[in-house]
Amino acid sequence: MKLLLATNNRDKVREITEMLAGLDVEIVTLADYPDFPPTLEDRDTLEDNAQKKAREARQHTGLSALADDTGLEVDALDGAPGVYSARYAGENASYAMNCAKLLREMKDVPNGQRSARFRTTMALALAPHDAERVGQSGELRRVSEYLLTDGVLPGEIATSARGTHGFGYDPVFVDGASKRTLAEMTLAEKNRTSHRYRALIEMRELMLRLELVRENPSP
């Protein structure tokens, strides 16, 4: 299977490629299609944004396209920044700018009330030749033209940034289980617990069950 990762975020590409290792899948990215216009993420939900990104990438390339949309939901901020996480501090905001704004908004929130969660919705828009393979088993009528999965990672917002790994809000998000920020984890550690990992593992299993991909035999 030839699979397009419908993102220009090199950090996401690196994470997803690592987690799809071991499958007979040829991965390409939007970097291979420099004329592809950016998708306007103007939907109100993570699911709708993920579907839109995957659909537009499929239409442009003719390939099955995998996209995700991720939001950080902070209880003390009534679920913000949510679907606006990537542009919380404004359009084209840097990771550091978004983290700084979040810490400012949370400066008066005491420990014990800083709960939050990362949520990822992943959408795979199937190209016709892949959809036909799935449809032969009758599964396509059940899953429609998209395969959709979700992953949630509970935790809390730190009082200051910690760690040097990761990207996005990783330095200020404390994993509920390990009590470390995601930026204090190695990529391998993060990939075993993250919201994106949870959504992608479910997607991986779904792709295997529908026989879109197979596992490569061990050497």
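- The shortest non-hydrogen separation linking D170 to G166 is OD2-CA, 3.3 Å.
- Here the side chain of T193 pairs no donor or acceptor atom with the backbone of K190 at under 3.5 angstrom.
- The closest side-chain heavy-atom distance from L208 to L23 is below 4.5 Å.
- A distance of 5.0 Å separates CG in L30 from CG in N8, rounded to the nearest 0.5 Å.
- Linking ILVMFWY residues whenever their side-chain heavy atoms come closer than 4.5 Å, directly or via other members, places V13 and L124 in the same cluster.
- With a 4.5 Å cut-off on side-chain heavy atoms, S64 and L4 do not count as touching.
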Would R162 and V174 satisfy side-chain contact (heavy atoms from CB on, under 4.5 Å), going step by step from the backbone distance to the final call? CA-CA 9 Å; R162 306 198 313 256; V174 180; 4.1 Å; yes
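- With contacts defined as side-chain heavy-atom distances shorter than 4.5 Å, the pair L20/L3 qualifies.
- In this structure, D175 contributes its side chain and R180 its backbone to no donor-acceptor pair below 3.5 Å.
- In the hydrophobic cluster analysis, where Ile, Leu, Val, Met, Phe, Trp and Tyr join through side-chain heavy atoms closer than 4.5 angstrom, L206 is grouped together with M1.
- Heavy atoms only, all atoms of each residue included: N9 and D11 are closest at OD1-N, 2.9 Å.
- Below 30°, between 30° and 60°, or above 60°: for H195 and F118 the angle between ring planes is below 30°, a parallel geometry.
- Across every non-hydrogen atom of A123 and A54, the tightest pair is O-CB, 3.7 Å.
- Here CG of L46 is found 11.5 Å from CE of M122. Values are rounded to the nearest 0.5 Å.
- Between K12 and the options D68, T17, T29, T7, a side chain to side chain donor-acceptor pair (under 3.5 Å) holds for only D68.
- Distance check, rounded to the nearest 0.5 Å: CG of D130 to CG of L212 gives 5.5 Å.
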Verify side-chain contact (heavy atoms from CB on, under 4.5 Å) between T149 and L200, making sure each step is shown before the conclusion. CA-CA 7 Å; T149 58; L200 188 58; over 6 Å; no
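- A donor-acceptor contact shorter than 3.5 Å links the side chain of N49 to the backbone of R43.
- Using modelled atom types, one side-chain atom of E189 and one backbone atom of T186 make a donor-acceptor pair closer than 3.5 Å.
- Between L72 and L102, some side-chain heavy-atom pair lies under the 4.5 Å cut-off.
- Grouping the Ile, Leu, Val, Met, Phe, Trp and Tyr side chains by contacts below 4.5 angstrom, directly or via other members, places V83 apart from L153.
- Taking the ring centre of F167 as origin, the terminal cationic atom of R10 falls outside the region bounded by 6.0 Å and 45° from the ring axis.
- Using a 4.5 Å heavy-atom threshold, the side chains of V172 and L103 count as touching.
- Side chain of Y169 to main chain of S85: a donor-acceptor pair is present (N/O by atom type, distance under 3.5 Å, no hydrogens or angles).
- At least one side-chain heavy atom of E15 sits less than 4.5 Å from a side-chain heavy atom of N191.
- Contact annotation: the side chain of L77 approaches that of E105 to within less than 4.5 Å [non-hydrogen atoms, C-beta and beyond].
- Residue T39 forms a side chain to side chain donor-acceptor pair (under 3.5 Å) with just one option from E56, K53, R55, and that option is E56.
- With a 6.0 Å radius and a threshold of 12 heavy atoms from other residues, nucleotides or ligands, D42 has its CG atom above the threshold.
- The main-chain N or O of A199 is never found under 3.5 Å from a side-chain atom of T120 such that the two would form a donor-acceptor pair.
- From M19, atom CE reaches atom CZ of R14 across 10.5 Å, with rounding to the nearest 0.5 Å.
- A continuous path of ILVMFWY side-chain contacts below 4.5 Å connects L210 to L126, so both sit in one hydrophobic cluster.
- Y88 is listed as a side-chain neighbour of N98, based on a closest heavy-atom distance under 4.5 Å.
- No more than 12 heavy atoms of other residues, nucleotides or ligands shown are found within 6.0 angstrom of CD on E211.
- Nearest heavy-atom pair, M185 versus S178, reported as atom, atom and distance to 0.1 Å: CE-OG, 3.3 Å.
- Between E73 and R119, at least one side-chain N (NZ, or NE/NH1/NH2) sits under 4.0 Å from a carboxylate O, which counts as a salt bridge.
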Checking T121 against D69 for the side chain to side chain donor-acceptor pair (under 3.5 Å) test, could you report, in this order, the C-alpha distance in whole Å, the side-chain angles of both residues, the deciding distance, and whether it holds? CA-CA 6 Å; T121 294; D69 201 26; over 6 Å; no
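- Here the CD1-CE distance, from I201 to M203, works out to 11.5 Å after rounding to the nearest 0.5 Å.
- The cationic group of K101 does not satisfy the cation-pi geometry with Y95, failing either the under 6.0 Å distance to the six-membered ring centre or the 45° limit from the ring axis.
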Before giving the answer on side-chain contact (heavy atoms from CB on, under 4.5 Å), spell out for F173 and V74 the whole-Å C-alpha distance, their side-chain angles and the decisive distance to 0.1 Å. CA-CA 10 Å; F173 183 85; V74 182; over 6 Å; no
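- Residues M207 and I27 share a hydrophobic cluster, clusters being chains of Ile/Leu/Val/Met/Phe/Trp/Tyr side chains in contact below 4.5 Å.
- Note that CD of E47 and OH of Y146 are 10.5 Å apart. Values are rounded to the nearest 0.5 Å.
- Under the 3.5 Å distance criterion, the side-chain polar atoms of R114 are matched with a main-chain donor or acceptor of M106.
- Judged by distance alone, the side chain of R117 and the main-chain N or O of G155 form no donor-acceptor pair under 3.5 Å.
- Summarising the geometry of A127 relative to G62, their closest heavy-atom pair is CB-O, 3.4 Å, with the distance given to 0.1 Å.
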